[in-house]
2 protein chains.
Amino acid sequence: MQEEVFALLGDKNLSRTPCRVEMLKILLESGSALPETEIRSKLPQHFDRTTVYRTLRSFLEQDVIHSIPLEGGDVRYAVTRNKERKSSQFHAHFYCESCSSVYCLSRARFEPPEMPEGFVAAGYDVLVNGKCRKCN
Amino acid sequence: MQEEVFALLGDKNLSRTPCRVEMLKILLESGSALPETEIRSKLPQHFDRTTVYRTLRSFLEQDVIHSIPLEGGDVRYAVTRNKERKSSQFHAHFYCESCSSVYCLSRARFEPPEMPEGFVAAGYDVLVNGKCRKCN
DNA sequence: AAAATCTTTGCAACATTGTTGCAAAATTAA
DNA sequence: TTAATTTTGCAACAATGTTGCAAAGATTTT
């Protein structure tokens, strides 16, 4: 775990600050995508909201994590697996309408919809909603 | 146009208040999905932000419009065409990375991605990004 | 090791999006 | 016309995210 965190940070030339290390651990340990409030509440020491947001921004800029905007302004953050890097043109996530958890569907395959005349697609974000493993 | 607005409101038992009528006109006339600020700025008379949000909420509750959350907390609102009612299990939208316009792709067909063990899908929201008709 | 530099953190303030409570104005019903 | 309901505006608030500035911690330079 520690090694994975260090590797992720090292790859992106991000220094090992306490806040970064702890946040990455939390995100890696969590099977689902988390909102900022939950990440912050899980931190072993107190960090200011600003610091957490700044760290999230660094991670986003370096594509260590990605954000998943939901209906109602809710946003979740999740570690970006190799399969779903920015370079990849397709991302899928699952929103459980029962427990509100969000999961990355990193290995989902998908047939792009046909585009109307004149529209050229570069990437696709799919949000599937339904019931997750735990709620079925 | 006027008739279409009245029909939409009538179907949902929403009274013809000035704000509702004008907002629906704006949304119907626009080929793309609009943020609240733009809807409000296009209104022929001044209405308070609160009133506009309350009207949006009525429309959302009655499925007259739907909201499209984007990366970065941006939200767009668009009239719900019959083809893409809540009852339908699939919605697709197009985000132009050049001019930031959002369009509904109401007639797009699509093959649902396969779900992992235990996950049951009920609906799909697809956000395609690329370049729109005007920007190509 | 001391001084200078760069980075991270916290605090206060602010912007934006959206909501709520309350009272005034406008509609609608009795 | 009076009474009841709905719509609107205003002020205040909540949540999410950003910015400026100064203090604290690391790094580097000499």
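Chain identifiers are assigned alphabetically (A, B, ...) following the order of the sequence lines, protein sequences preceding nucleic acid strands; residue numbering begins at 1 within each chain.
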Please state how far atom [atom1] in [X] lies from atom [atom2] in [N], giving the value in whole angstrom units.
X	N	atom1	atom2	answer
B:E71	D:dT16	CD	P	17 Å
A:R57	D:dT18	CZ	C1'	7 Å
A:D48	D:dG17	CG	C1'	12 Å

*asked:* Under 4.0 Å, heavy atom to any atom of DNA chain C: which of residues 21-45 of chain B qualify?
replied: B:T37

_Aromatic contact between A:F110 and B:F110, with the criterion being ring centroids under 6.0 Å apart: yes or no?_
yes

*Dump the intermediate steps for side-chain contact (heavy atoms from CB on, under 4.5 Å) on B:L8 and B:F59, then the final yes or no.*
CA-CA 10 Å; B:L8 270 169; B:F59 287 170; over 6 Å; no

*Verify same cluster id: B:Y95, A:L60 (apolar side-chain graph, 4.5 Å)*: no

*When only distance counts, do a donor and an acceptor, one from the side chain of A:R49 and one from the base of D:dG17, lie under 3.5 Å apart?*
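Donor-acceptor pair under 3.5 Å: yes.
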
Just checking [X]: base, sugar-phosphate only, or nothing, at a heavy-atom cut-off of under 4.0 Å?
X	result
B:R16	nothing
B:R54	base
A:T50	base

*asked:* Return the NE2 to SG distance between A:H93 and A:C104, rounded to the nearest 0.5 Å.
replied: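 Separation between the atoms: 3.5 Å.
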
Run the side-chain donor-acceptor check on residues 24-31 of chain B: report pairs under 3.5 Å with partners two or more places apart or on a different chain.
from	atom 1	to	atom 2	distance (Å)
B:K25	NZ	B:Q2	OE1	3.3
B:S30	OG	B:S32	N	3.0
B:S30	OG	B:S32	O	2.6

*Tell me, please, the opening and closing nucleotides of DNA chain C, 5' to 3', among those with an atom under 4.0 angstrom from a non-hydrogen atom of chain A.*
C:dT8 to C:dA12

*Is B:Y77 close to B:H66 at the side-chain level, that is, under 4.5 Å between some pair of heavy atoms?*
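No, every pair of side-chain atoms sits at 4.5 Å or beyond.
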
*asked:* Closest-nucleotide mapping onto DNA chain C: is B:G73 or B:P18 further toward the 5' terminus? I mean the 5' end.
replied: B:G73

Residues 68-75 of chain B side chain polar contacts: donor-acceptor under 3.5 Å, at least two apart:
from	atom 1	to	atom 2	distance (Å)
B:E71	OE2	A:S67	OG	3.0
B:D74	OD2	B:R76	NH2	3.0

*asked:* Tell me whether the NZ or CZ atom of A:R40 lies within the 45° cone about the ring axis of A:F47 and under 6.0 Å from its centre.
replied: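 No; the conditions do not both hold, so A:R40 does not lie above the ring face of A:F47.
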
*What heavy-atom pair brings A:R109 and A:F90 nearest, and what distance separates the two atoms?*
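Closest pair (atom of A:R109, atom of A:F90, distance): C-CE2, 4.2 Å.
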
Review item, side-chain donor-acceptor pairs of residues 114-136 of chain B, under 3.5 Å, at least two apart:
from	atom 1	to	atom 2	distance (Å)
B:N136	ND2	A:G118	O	2.7
B:N136	ND2	B:K131	O	3.2

_Donor-acceptor contact present, side-chain B:R20 to main-chain B:S15, <3.5 Å_ = yes

_Terminal helix-axis angle for the helix from C:dA1-D:dT30 to C:dA30-D:dT1, with five pairs defining each axis and rounding to 10 degrees_ = 10°

